[in-house]
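First the structure, in the form of structure tokens, and then the observations on it.
The structure displayed is predicted, hence computed values, not measured ones.
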Amino acid sequence: MHPVFLLVVWKILALYFRFLLLSYRTQEDTFVTVLQLFTDKDFLVVAGVRFFRGMVGFVISFFLGLAVGIIAGISPGVQCFYYSVAGNGSFSSCHLSHTSGPDAV
């Protein structure tokens, strides 16, 4: 839907419900309320703290996901599972061994 259409519908509904003595905010009321919120120091402090916590959570999850991805990427078992699902569909082509180096089978 076009934004102008939505604004017109909002304005018509606001005028209609205000006529019925119901509390339905017009665009002007909403705009004034938003301006009052953004000039209120308490609101800005709360919004800043919430934004900071969200960013901290994003950074923590990024590094945890990166670590798990690296560990999974270098694990032969995970590689064998991935290639069996994405590749030829069988575990028989995977040769997992508990030994490593030139003597590994």
Side-chain angles (χ1 to χ4, degrees):
M1 292 188 152
H2 199 274
V4 174
F5 174 73
L6 292 176
L7 289 173
V8 169
V9 169
W10 180 5
K11 185 69 173 181
I12 291 169
L13 289 174
L15 293 174
Y16 176 73
F17 284 113
R18 185 170 279 187
F19 175 73
L20 295 176
L21 301 175
L22 296 174
S23 178
Y24 196 79
R25 311 280 289 182
T26 63
Q27 296 140 346
E28 295 84 11
D29 296 337
T30 304
F31 183 71
V32 169
T33 303
V34 168
L35 285 179
Q36 288 173 349
L37 276 174
F38 281 111
T39 58
D40 183 21
K41 183 183 175 194
D42 293 334
F43 173 77
L44 294 176
V45 168
V46 169
V49 168
R50 290 182 64 95
F51 179 77
F52 179 73
R53 287 180 182 171
M55 288 296 106
V56 168
F58 178 77
V59 169
I60 290 171
S61 64
F62 172 79
F63 284 113
L64 285 175
L66 186 66
V68 168
I70 289 172
I71 292 169
I74 61 175
S75 169
V78 172
Q79 288 179 3
C80 180
F81 174 74
Y82 173 75
Y83 288 118
S84 69
V85 171
N88 61 7
S90 123
F91 281 109
S92 63
S93 63
C94 295
H95 300 289
L96 296 177
S97 174
H98 294 289
T99 60
S100 62
D103 298 333
V105 178

Response to the item:
CZ (Phe5) and CH2 (Trp10) are apart, to the nearest 0.5 Å, by 15.0 Å

Fill in: Euclidean distance, Leu37 CG relative to Thr39 OG1, rounded to 0.5 Å
8.0 Å

Worksheet entry | Path from Val59 to Ile70 over hydrophobic side-chain contacts below 4.5 Å |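 In one cluster with Val59: Ile70, yes.
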
Worksheet entry | ILVMFWY network linking Phe52 to Ile60, side-chain heavy atoms under 4.5 angstrom |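 Linked, Phe52 and Ile60 end up in one cluster.
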
Fill in: Min side-chain heavy-atom separation Asp40-Gln36 under 4.5 Å
no

Fill in: Note, Val49 side chain near Arg53 side chain (heavy atom, < 4.5 Å)
yes

Worksheet item: Backbone N or O of Ile71 within a donor-acceptor pair of the Ser75 side chain at under 3.5 Å?
Response: no

Worksheet item: Taking everything shown except Phe43 itself, do over 12 heavy atoms lie less than 6.0 Å from its CZ?
Response: yes

Item to complete: Apply side-chain contact (heavy atoms from CB on, under 4.5 Å) to the pair Val32 and Glu28, showing each step before the final yes or no.
Response: CA-CA 6 Å; Val32 169; Glu28 295 84 11; 5.5 Å; no

